[in-house]
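Numbers here are sequence positions counted from 1. As the structure lists them, so they are numbered: ligands from 1, and atoms in each ligand from 1.
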Amino acid sequence: MSLPGAPDVAYRGDTLHLEGAALSELAGRFGTPLYVYSCAAMARALGGYQRALAGRDHLLCYAMKANSSLAVLQWFERRGCGFDIVSGGELERALAAGAGAGRIVFSGVGKTRSEMARALLAGVFCFNVESLGELEVLSTIATASGRVARVSLRVNPDVDAKTHPYISTGLRGNKFGIAHSSALAAFRRAARLPGIEVVGIDCHIGSQIAATEPYLEALERLLDLVEAVEAEGIWLSHVDVGGGLGITYAEETPPAAEELVARLLERIDARGHGHRRLLLEPGRSLVGNAGVLVSEVLYVKPGETKNFCIVDAAMNDLMRPAMYDAWMRIVECERGRGEPLVCDVVGPICESGDWLGRGRALAVAPGDYIAVLSAGAYAMSMASNYNTRGRAAEVMVDGDNAWLIRDRETPADLMRGEHLLPPA
Ligand SMILES: *Cc1c(COP(=O)(O)O)cnc(C)c1O
């Protein structure tokens with residue numbers, strides 16, 4: 001029986017498996033905390049998008065900030081994906097994983113001049129520009145280097161994605177994109193600037209979106225603008241509807257990617273825009289349910305008001321609970337270990353915000369392993385070295401095979417590049 005939101009995670013007997021791999025065995029072999037990713041889960045997630053887009057001119061750009069480990073990028077690159085990047089560092093990672101620059105879109109509200117210059121040199125497919133200021137700077141950089149920057153303007157459609165305020169990005173009053181009401185003027189300006197070629201329009205309304213309606217609303221507003229822009233003789237070859245599709249952590253029931261994309265295409269065709277290339281920038285929905293974080297139980301500490309299960313993974317490994325108050329399923333890697341105890345699952349870090357789950361019933365003893373499910377997105381990619389903790393190792397499984405795709409960081413890795421003061 002597989003577990004909710006994690007179709008490739010299941011008990012075989014009493015042992016939790018990800019595909020054919022026993023998680024406690026991997027934990028013993030590679031140590032903990034350990035991130036483990038399932039190729040089958042990524043394939044299932046990607047397949048939904050690809051089936052819906054088959055036969056259409058499209059570019060699926062994996063939003064790599066969700067999980068930017070090189071092997072994960074390489075896996076998507078081999079299956080024809082492009083990448084949505086938000087920094088110069090991500091550009092270098094994507095290129096290192098073998099990505100063709102011609103399949104990269106560069107998003108983000110605060111691109112620096114040197115990031116723009118590097119991306120122009122690499123030849124990225126387009127810059128998703130978020131302000132007039134950025135447009136002017138990009139034009140200057142492009143002309144100075146004798147290049148042309150292909151540009152899509154990111155419009156803020158003022159649509160409520162009905163998600164957590166920290167991950168809602170398409171409402172008036174947040175820092176992202178160009179206001180819908182100023183977009184037409186921005187396109188006019190872009191079309192007149194040297195070194196700029198306007199090629200598209202985009203939006204990205206938020207993350208962990210569990211409904212289809214906000215996307216359809218944003219799409220309508222985008223297409224209204226496309227029509228207004230083209231009426232002025234500015235040709236847009238693509239429409240990019242961003243990412244943001246949610247996954248199941250607990251009881252959420254987001255639409256399947258296949259269904260969402262089918263609905264979008266239906267509207268695009270109905271409004272006579274079927275000839276345009278469609279871009280999508282999914283992140284979480286491609287990798288979120290593919291990952292688990294395995295951790296060893298260090299202590300079980302009964303308390304007066306609550307019990308604590310202290311594990312060796314912490315907020316530096318997995319920020320989502322502390323940062324977004326996120327609920328992530330936590331299960332035992334070996335079942336049938338006696339009576340469960342209701343406890344808060346916490347890490348060793350010196351912060352009260354250092355928790356992974358609250359009020360969870362777990363039957364575990366020190367030395368046992370637990371797994372946090374749906375930890376493939378915004379998990380390892382947000383890990384830090386707080387408390388001088390090395391970041392976790394990562395393993396990818398495919399059927400019965402498992403590969404180490406990242407070594408655990410050592411104290412020497414953490415001190416690299418630091419300098420002691422001169423002799424006193
Ligand atoms: C983060 C981000 C995405 C991906 O969002 P998900 O919720 O992970 O799908 C797509 N586009 C842009 C511009 C982003 O910043």
Side-chain angles (χ1 to χ4, degrees), residues 42 45-46 48-49 59-69 72-73 76 81-87 89-91 94 103-111 115 119 124-131 134 151-157 159 161-171 174-178 200-212 214-215 218-219 222 238-249 252 254-257 260-261 264 278-291 319-320 323-324 326 374-382:
M42 294 191 294
L46 179 61
Y49 283 100
L59 183 59
L60 197 55
C61 291
Y62 166 51
M64 63 180 276
K65 72 178 187 293
N67 185 325
S68 53
S69 298
V72 172
L73 302 183
F76 283 104
C81 291
F83 296 93
D84 173 73
I85 64 168
V86 291
S87 74
E90 286 196 346
L91 174 59
R103 295 172 158 273
I104 292 175
V105 299
F106 192 174
S107 298
V109 289
K111 302 176 191 77
E115 285 174 326
V124 297
F125 172 65
C126 87
F127 291 83
N128 287 350
V129 169
E130 304 214 12
S131 67
E134 182 190 339
V151 158
S152 155
L153 293 189
R154 175 168 174 182
V155 173
N156 184 333
V159 163
K162 300 194 173 59
T163 181
H164 189 285
Y166 281 15
I167 50 176
S168 176
T169 56
L171 272 173
N174 70 44
K175 71 177 178 181
F176 299 100
I178 297 167
I201 186 167
D202 69 283
C203 72
H204 172 68
I205 57 174
S207 199
Q208 186 52 15
I209 300 168
T212 307
Y215 281 102
L219 177 67
L222 228 49
H238 79 252
V239 173
D240 177 348
V241 296
L245 180 60
I247 62 169
T248 301
Y249 288 100
E252 305 92 330
L260 171 67
V261 175
L264 291 171
L278 179 65
L279 267 68
L280 290 151
E281 305 167 351
R284 187 192 311 269
S285 55
L286 288 178
V287 290
N289 285 143
M319 275 287 278
R320 298 190 67 259
M323 185 155 156
Y324 307 116
S374 306
Y378 304 105
M380 183 62 183
S381 62
M382 294 176 99

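Looking only at heavy atoms of the protein, atom 7 (O) of ligand 1 is closest to S207 OG, 2.3 Å. Atom 11 (N) of ligand 1 has E281 OE1, 2.6 Å as its closest protein atom, hydrogens excluded (heavy atom only).
R320 forms a cation-pi arrangement with Y249, by the criterion of a distance under 6.0 Å to the ring centre and an angle within 45° of the ring axis.
Residue Y378 has at least one nitrogen or oxygen atom sitting less than 3.5 Å from a nitrogen or oxygen atom of ligand 1, judged on distance alone. Residue R284 has at least one nitrogen or oxygen atom sitting less than 3.5 Å from a nitrogen or oxygen atom of ligand 1, judged on distance alone. Where the criterion is an N or O separation shorter than 3.5 Å, residue side chain and backbone included, G244 meets it with respect to ligand 1. The shortest N or O to N or O distance between A63 and ligand 1 is not below 3.5 Å.
Checking M64, K65, E130, R154 against atom 2 (C) of ligand 1, the nearest heavy atom belongs to K65.
Of all heavy-atom pairs between I205 and P157, the closest is CG2-CG, 3.5 Å. Contact detail for R103 and F125: the closest heavy-atom pair is N-CB, 4.3 Å. Scanning both residues, V124 and I104, for their nearest heavy atoms gives CB-O, 3.6 Å. Closest approach of G246 to P254, counting heavy atoms only: O-CG, 3.4 Å.
In H204, the part holding a heavy atom less than 4.0 Å from any atom of ligand 1 is the side chain.
Taking the side chain as every heavy atom from C-beta outward, D240 and N128 approach each other to under 4.5 Å.
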message: Working note: Y378 + N67, criterion side chain to side chain contact (heavy atoms under 4.5 Å, CB included); need CA distance, chi angles, decisive distance, verdict.
response: CA-CA 6 Å; Y378 304 105; N67 185 325; over 6 Å; no
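Listed by number with element, the atoms of ligand 1 under 4.0 Å from a non-hydrogen atom of S107 are 13 (C). The G243 neighbourhood of ligand 1 comprises atoms 9 (O), 10 (C), with distances under 4.0 Å to a heavy atom of that residue.
For the pair F176 and ligand 1, no heavy-atom separation below 4.0 Å is found.
Between K111 and E134 there is a salt bridge, since a side-chain N of the basic residue sits under 4.0 Å from a carboxylate O of the acidic one.
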